[in-house]
Amino acid sequence: MPIRIYNTLTRKKELLQPIEEGHVKLYVCGITSYDYCHIGHARSVLVFDVIVRYLRYRGYKVTFVRNFTDIDDKIINRANEQHVDAAELAQRFIEEFYVDTDRLGVLRPDLEPRATEHIDEMIVLIRELIDRGLAYRSGNDVYYRVDRFADYGRLSGRNLEDMQAGARIEVNEQKQHPMDFVLWKGSKPGEPKWESPWGEGRPGWHIECSAMSRKYLGETFDIHGGGKDLIFPHHENEIAQSTGATGKPFANLWIHHGFVTIHDEKMSKSLHNFLTIREVLAQYPPEVLRLLIFSTQYRNPLDFSAAAMRDAEAGLDRMYDCLSRIAGCDGGGDGKSVISLKDRKKIESLRPRFESAMDNDFNTARALGLLFDTIKVLNKVVSMLPAQPASDDIELLQNGGNTVRELAGLMGLLRDDPAVYVEIKKKMLLESLDITIEDIEKLIGDRARARERKDWATSDTIRDRLLQDGIELQDGPEGTTWDIKLR
RNA sequence: GGCGACGUAGCCAAGUGGUAAGGCAGUGGUCUGCAAAACCAUUAUUCACCGGUUCAAAUCCGGUCGUCGCCUCCA
């Protein structure tokens with residue numbers, strides 16, 4: 001079965017047909033490193049993480065390049081505010097980026113080029129554009145001449161007239177056309193700068209991706225990705241630069257994911273409504289955020305809220321509980337199978353159904369639904385099992401559980417041992433409560449003695465008291481266990 | 001103003017012509033001293049609204065309303 005991907009350029013789902021048989025070349029726009037990453041960045045990183053993992057699972061070789069923008073106005077401004085060196089600031093937040101993405105269990109790309117390490121390649125590209133009449137020098141800057149590039153606006157579905165009509169751009173005397181964009185910026189005193197044929201300066205934002213993708217993936221490659229907000233102007237300008245310079249198509253497929261919203265508004269630095277990855281991970285296990293993000297197809301908006309995280313957490317618990325239950329079902333005998341043909345088929349057909357969901361534009365929401373659907377059947381089977389279950393049934397359960405875990409793993413889910421997952425969560429939640437494990441255990445002991453004398457009033461008082469602290473008691477055949485009550 | 005996306009149960013969310021996946025919450029049951037947890041079962045005659053095409057529409061076409069995004073830095 002072929003993989004179909006929605007292509008922003010054509011607004012249709014298209015078959016993935018790598019230029020080089022079996023080898024997908026993917027370029028994704030990474031962060032500008034001047035601050036901590038928010039969960040919108042997390043979505044970007046996680047969406048491409050699952051895409052890369054899935055393509056590899058499907059047998060493709062994937063060369064995955066994601067850049068760091070480590071020089072730009074925002075970095076310079078922030079560095080000035082904090083009285084630090086711009087390069088140091090950029091380096092620091094690249095390191096913080098790794099702290100966050102490592103905690104999320106994100107695979108590192110094959111190559112992570114930085115803008116400042118590719119100034120020479122950018123200069124070469126700008127020269128080519130000047131030679132072809134697509135760029136011009138103006139003062140200390142170099143600009144791209146948009147009206148010379150016939151396809152300008154194709155990716156974002158606009159034309160120059162429309163854009164000018166609604167443009168909120170300030171008039172710049174240096175530009176021949178208001179929509180022209182800067183390729184090289186002459187530096188002002190005190191700013192980071194590099195030598196160039198046009199004097200000291202620094203590159204414009206868009207040119208780095210054209211230069212670096214060309215260097216590592218070639219003039220034409222398979223997939224270029226990023227957030228929807230990059231379609232215009234960033235990706236539009238990349239196409240103008242790259243195709244302008246080479247005369248060849250740039251990327252064949254463009255993947256753009258939707259935004260994370262809060263109260264249905266886009267999360268962004270300028271609106272000050274963002275939550276950083278680390279703020280969220282201080283409250284929830286990383287896989288909860290992954291589950292939330294993959295519960296919606298990547299192109300749709302995703303509204304973040306505590307309620308949504310709670311739901312995701314409950315769902316993840318359900319997944320782990322199922323695995324843990326299956327792990328407890330060992331020792332098959334030669335009893336009769338209790339699994340119906342229908343249930344057996346459902347369990348055994350998970351993989352092809354999962355693949356067909358993912359083949360259809362990486363529909364993780366549907367894929368997760370299939371996983372839960374299988375979990376429902378697995379749970380049912382476990383509950384039907386007699387004392388001496390048939391070894392065939394045990395084998396089917398274990399295979400089913402293993403398949404669930406393997407496929408969930410493509411989304412970076414169910415990677416913990418179920419028992420470990422529970423422990424980590426308990427520890428995390430206990431830290432936010434005003435009670436120690438010793439206190440809890442002492443009260444459980446008191447209550448056990450009360451229960452022995454059938455003093456239900458005392459027993460219930462203790463239980464209620466603990467519940468007020470967020471501790472939930474569970475009486476079982478082997479004594480009383482406790483758990484943190486979910487938010 | 002231009003361009004685009006979306007509107008499916010209380011909430012989230014699949015479904016892109018063949019008679020509504022899944023999760024959370026709710027309800028009933030099993031279990032329990034009573035609970036909780038867990039498991040099982042169950043929950044939309046209907047897909048914003050109005051028209052049209054079709055044997056058949058949540059899915060296609062036209063219109064209306066609503067929400068959001070891009071056109072400035074943004075994942």
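Every chain is numbered from 1, with letters handed out A, B, ... down the list of sequences. Any value given below was found using the heavy atoms of this structure, including those in side chains, with hydrogens, waters and symmetry copies removed.
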Interatomic distance where [atom1] belongs to [X] and [atom2] belongs to [N] [whole Å]:
X      : N     : atom1 : atom2 : answer
A:H263 : B:G69 : NE2   : C1'   : 18 Å
A:E265 : B:C6  : CD    : P     : 20 Å
A:N237 : B:U72 : CG    : P     : 11 Å
A:M179 : B:G2  : CE    : P     : 17 Å
A:L443 : B:A36 : CG    : C1'   : 17 Å
A:D73  : B:U72 : CG    : P     : 16 Å
A:N77  : B:U72 : CG    : C1'   : 15 Å
A:K426 : B:A37 : NZ    : P     : 15 Å

Which nucleotide sits closest to the side chain of [X]: [options]?
X      : options             : answer
A:K380 : B:C40, B:A37, B:G33 : B:C40
A:K74  : B:C73, B:C34, B:C71 : B:C73
A:H41  : B:C71, B:A75, B:A38 : B:A75
A:R318 : B:C34, B:G69, B:C24 : B:C24
A:H257 : B:A36, B:A75, B:G22 : B:A75
A:K266 : B:G33, B:G23, B:A75 : B:A75
A:S383 : B:C40, B:A75, B:C73 : B:C40
A:D229 : B:C39, B:G23, B:C70 : B:C70
A:R158 : B:G2, B:A75, B:A36  : B:G2
A:D475 : B:C34, B:A38, B:A75 : B:C34

Suppose you measure atom [atom1] in [N] against the same atom in [M]; what distance do you get, rounded to whole Å?
N     : M     : atom1 : answer
B:U43 : B:U27 : C1'   : 8 Å
B:U64 : B:A75 : P     : 36 Å
B:C40 : B:C50 : C1'   : 44 Å
B:C55 : B:A13 : P     : 36 Å
B:U72 : B:U59 : P     : 35 Å
B:A20 : B:A9  : C1'   : 11 Å
B:G29 : B:U19 : C1'   : 31 Å
B:C34 : B:A41 : P     : 24 Å

Does the cation-pi check pass for [X] over [Y], that is, NZ or CZ under 6.0 Å from the six-membered ring centre and within 45° of its axis?
X     : Y      : answer
A:R43 : A:F259 : no
A:K13 : A:Y6   : no
A:R92 : A:Y34  : no

Which base, if any, makes a Watson-Crick or G-U wobble pair with [N], both distances under 3.5 Å?
N     : value
B:G69 : B:C3
B:U45 : none
B:A37 : none
B:G18 : B:C55
B:C31 : none
B:G10 : B:C24

Check: [X]/[Y] side-chain N/O donor and acceptor closer than 3.5 Å:
X      : Y      : result
A:R202 : A:S187 : no
A:E14  : A:N7   : yes
A:S210 : A:E238 : no

Any donor-acceptor pair under 3.5 Å between the side chain of [X] and the base of [N]?
X      : N     : result
A:D303 : B:C68 : no
A:S459 : B:G33 : yes
A:R463 : B:A35 : yes
A:D460 : B:G33 : yes

A:C322 side chain near A:V404 side chain, heavy-atom distance below 4.5 Å: no
Side chains of A:T10 and A:W254 in contact at under 4.5 Å (non-hydrogen atoms): no
Report yes if the distance between the aromatic ring centroids of [X] and [Y] is under 6.0 Å, otherwise no.
X      : Y      : result
A:F68  : A:F97  : yes
A:Y144 : A:F181 : yes
A:F221 : A:F250 : yes

Contact class for [X] (heavy atom, under 4.0 Å): base, sugar-phosphate, or nothing?
X      : answer
A:V260 : base
A:M384 : nothing
A:H38  : base
A:K228 : nothing
A:G40  : base
A:G369 : base
A:L230 : sugar-phosphate

Stacking of A:W456 on B:G33 base (centres under 5.5 Å, planes under 30°): yes
Short side-chain to backbone donor-acceptor contact, A:K175 and A:D180, under 3.5 Å: yes
Enumerate all atom pairs, one protein N or O and one N or O from nucleotides 14-18 of chain B, separated by less than 3.5 Å.
from: B:A14; atom 1: OP1; to: A:Q297; atom 2: N; distance (Å): 2.9
from: B:A14; atom 1: OP1; to: A:N300; atom 2: OD1; distance (Å): 3.2
from: B:A14; atom 1: O3'; to: A:N363; atom 2: ND2; distance (Å): 2.9
from: B:G15; atom 1: OP1; to: A:N363; atom 2: ND2; distance (Å): 2.6

Residue whose nearest RNA chain B nucleotide is more 5′ - A:R11 or A:I375: A:R11
Contact nearer the 5' end of RNA chain B, comparing A:K346 with A:R447: A:K346
